[in-house]
Amino acid sequence: MSAETKDNIRTFLGKEYDITDPKFAGLSKNAIKKILREELYQETKADRTKEKRAKHKRKRAERQQLVKEGVLEPLPKRPKSKYMTTGKVGVVLDCAFSDLMIEKEISSMRQQICRCYSANVRAEKESMPITLTSLDEPLKKDLDEKAPSWTNWRNFEATTESLETKFPNKEDLIYLSADSENIAHELEDGKTYIIGGIVDKNRYKNLCNDKAKELGIKTAQLPIGDYIRLASRKVLTVNQVFEIMIKWLDCRDWEKAFLEVIPERKLKKSTIIKNGVQVEVEEEEEEEEEEDEEDDDDLKASILEETADEKKSS
């Protein structure tokens, strides 16, 4: 290696790279770091997945042993719906944001879509017809590879059409956004609620709210602030919003819906409001898990099982 070549070599998080590589041409230092982080993520993905699965199996085996010894109670089996009772509240997953996400975020979006469908199948009283708009090739490819049964999902429609093309009549549309000034105190029959299909870790503020305004669509946010003062920003994942809506349709109780769906890690340092009295949530010393901790294989198996159950009952 010549002295000139050595001068071009840099190291980032243990990874050596050539600053003269054409793919870095004209990019800022932050943009180069972003590319390198993605490359490192992809290079270590197999090992990370293997380790994650081993950890998941180890935890499951430890729990089974504790149940066998009588230390812990067996986990209750999740109820399975023999059929889906479709209600009068609809949901649109607006997936027009793939260009704003990196590959792993698109994969996370696919997981969240699968969890929405799983929650819909297991609704105790009524499920919501789901329409996924702006389905593009990156998301479709991920669905085909990781959740191939998605084309057989019931009460689920996916289209490449945009939100505004698929739903030209905007009168009964409501775009849910944490940035909206309006509060949805209930889910109205005959209305279709739109959830922005993006995983962005809060990079894009007001994205969905601004889009709705441009399209002339009414906006609203779920009434989290009436029941919980979250320590962090009131932004939930797509499947969390969907599951809260399903839970509310089951029990018509926002407080119960929020507390049963919002992860404990988000409730840390938050304040629960009960009968007008604020109650601080104590922070527990425990390991914080990643948002996508659930193993892909388990999620895939769950979806396949639910699809099979539906076929039997139809």
Side-chain angles (χ1 to χ4, degrees), residues 84-97 109 112-135 139 153-159 161-200 204 206-228 233-258 260-262:
M84 294 175 72
T85 303
T86 308
K88 297 179 181 179
V89 175
V91 164
V92 172
L93 304 181
D94 178 15
C95 294
F97 307 106
M109 186 67 253
Q112 292 182 30
I113 292 168
C114 289
R115 290 183 179 127
C116 288
Y117 179 72
S118 182
N120 215 30
V121 170
R122 297 180 185 278
E124 293 178 13
K125 292 187 177 178
E126 59 184 85
S127 62
M128 298 183 288
I130 304 173
T131 303
L132 188 154
T133 58
S134 298
L135 176 65
L139 181 56
W153 291 354
R154 295 176 62 188
N155 293 328
F156 179 91
E157 178 188 2
T159 176
E161 291 182 296
S162 65
L163 170 66
E164 55 270 34
T165 302
K166 181 66 176 175
F167 296 92
N169 183 4
K170 303 166 186 174
E171 182 62 31
D172 294 324
L173 298 180
I174 298 175
Y175 212 124
L176 294 176
S177 169
D179 300 303
S180 175
E181 297 177 353
N182 307 311
I183 306 295
H185 293 290
E186 63 177 359
L187 302 179
E188 300 179 49
D189 285 352
K191 298 293 186 184
T192 296
Y193 294 85
I194 306 162
I195 305 174
I198 183 167
V199 178
D200 66 343
Y204 304 105
N206 294 298
L207 179 69
C208 295
N209 201 48
D210 289 345
K211 177 175 181 176
K213 287 180 178 179
E214 289 175 10
L215 295 177
I217 297 173
K218 294 187 289 289
T219 65
Q221 61 170 286
L222 299 181
I224 299 177
D226 292 345
Y227 302 90
I228 305 171
R233 198 163 172 263
K234 294 181 291 184
V235 177
L236 304 173
T237 64
V238 170
N239 62 288
Q240 286 166 3
V241 173
F242 186 93
E243 288 170 30
I244 286 169
M245 294 171 71
I246 283 289
K247 183 61 66 176
W248 185 86
L249 289 171
D250 285 342
C251 65
R252 306 284 165 159
D253 184 332
W254 282 119
E255 180 182 355
K256 182 178 181 182
F258 291 136
E260 287 192 14
V261 174
I262 297 176

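Numbers here simply count residues along the sequence, with the first being 1. In this text the structure is predicted, and so the values were computed from the model without any measurement.
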Participant: Give a yes or no on whether the backbone of Asn155 and the side-chain of Tyr117 come within a donor-acceptor separation of less than 3.5 Å.
Facilitator: no
Participant: Evaluate the side-chain proximity of Asp172 to Thr192: yes if any heavy-atom separation is below 4.5 Å, no if none is.
Facilitator: no
Participant: For Ala158, which residues count as a side-chain contact (heavy atoms from CB on, under 4.5 Å) partner, sequence neighbours excluded?
Facilitator: Leu132, Leu135, Trp150, Phe156
Participant: May I have the step-by-step check of side chain to side chain contact (heavy atoms under 4.5 Å, CB included) for Asp94 and Lys211, ending in yes or no?
Facilitator: CA-CA 11 Å; Asp94 178 15; Lys211 177 175 181 176; 2.7 Å; yes
Participant: Walk me through whether Val199 and Val238 qualify under side chain to side chain contact (heavy atoms under 4.5 Å, CB included).
Facilitator: CA-CA 8 Å; Val199 178; Val238 170; 6.0 Å; no
Participant: Once rounded to the nearest 0.5 Å, what's the spacing between atom CD1 of Ile130 and atom CD of Glu157?
Facilitator: 11.5 Å
Participant: Please examine the side chains of Leu249 and Met245, heavy atoms only from C-beta on, and report whether any two atoms are closer than 4.5 Å.
Facilitator: no
Participant: Do Phe167 and Thr131 touch side chain to side chain, with heavy atoms closer than 4.5 Å?
Facilitator: yes
Participant: Decide yes or no for Trp153 and Cys114: does some side-chain heavy atom of the first lie under 4.5 Å from some side-chain heavy atom of the second?
Facilitator: yes
Participant: Would you check if the side chain of Trp254 reaches a backbone N or O of His185 as a donor-acceptor pair within less than 3.5 Å?
Facilitator: yes
Participant: Give me the atom names and distance for the closest heavy-atom approach of Lys256 to Cys251.
Facilitator: CD-SG, 4.0 Å
Participant: Could you tell me whether the side chain of Tyr175 reaches within less than 4.5 Å of the side chain of Asn209, counting heavy atoms only?
Facilitator: no
Participant: Run the numbers on Arg115 and Phe242 for side chain to side chain contact (heavy atoms under 4.5 Å, CB included), then give the verdict.
Facilitator: CA-CA 9 Å; Arg115 290 183 179 127; Phe242 186 93; over 6 Å; no
Participant: So, for Pro129 and Gly87, which heavy atoms are closest and what is the spacing to 0.1 Å?
Facilitator: CD-O, 4.1 Å
Participant: When rounded to the nearest 0.5 angstrom, what is the spacing between CG in Leu236 and CG in Leu222?
Facilitator: 7.5 Å
Participant: Can you tell me if Thr165 and Ser162 form a side-chain donor-acceptor pair at under 3.5 Å?
Facilitator: yes
Participant: Quick one: does Lys191's side chain have a donor or acceptor within less than 3.5 Å of a partner on Val89's backbone?
Facilitator: no
Participant: In this structure, which one of Asn239, Ile198, Val241 forms a side chain to side chain contact (heavy atoms under 4.5 Å, CB included) with Gln112?
Facilitator: Asn239
Participant: If I take atom CD from residue Glu243 and atom CG from residue Asn120, how far apart are they, to the nearest 0.5 angstrom?
Facilitator: 10.5 Å
Participant: Say you draw a straight line from SG of Cys208 to CD of Gln221; how long is it, rounded to the nearest 0.5 Å?
Facilitator: 13.0 Å
Participant: Salt bridge (Lys or Arg N to Asp or Glu O under 4.0 Å) with Lys247: which residues, sequence neighbours excluded?
Facilitator: Glu260
Participant: Drop me the distance from Ile246's CD1 to Arg122's CZ, to the nearest 0.5 angstrom.
Facilitator: 12.5 Å
Participant: Can you find a pair of side-chain heavy atoms, one from Leu163 and one from Ser134, that are under 4.5 Å apart?
Facilitator: no
Participant: Are Glu188 and Lys88 side-chain neighbours, meaning at least one heavy-atom pair lies under 4.5 Å?
Facilitator: no
Participant: At what distance, to the nearest 0.5 angstrom, does CD1 of Ile217 lie from CD1 of Ile194?
Facilitator: 4.0 Å
Participant: A side-chain contact here means heavy atoms from C-beta on lying under 4.5 Å apart; do Ile113 and Leu139 qualify?
Facilitator: yes
Participant: State plainly whether the residues Arg252 and Glu126 are in salt-bridge range, i.e. N to O under 4.0 Å.
Facilitator: yes
Participant: Looking only at heavy atoms, which two atoms of Val261 and Gln240 are closest? And how far apart?
Facilitator: CG1-O, 3.5 Å
Participant: Do you know which two heavy atoms are closest between Lys166 and Thr159, and how far apart they sit?
Facilitator: CD-CG2, 4.3 Å
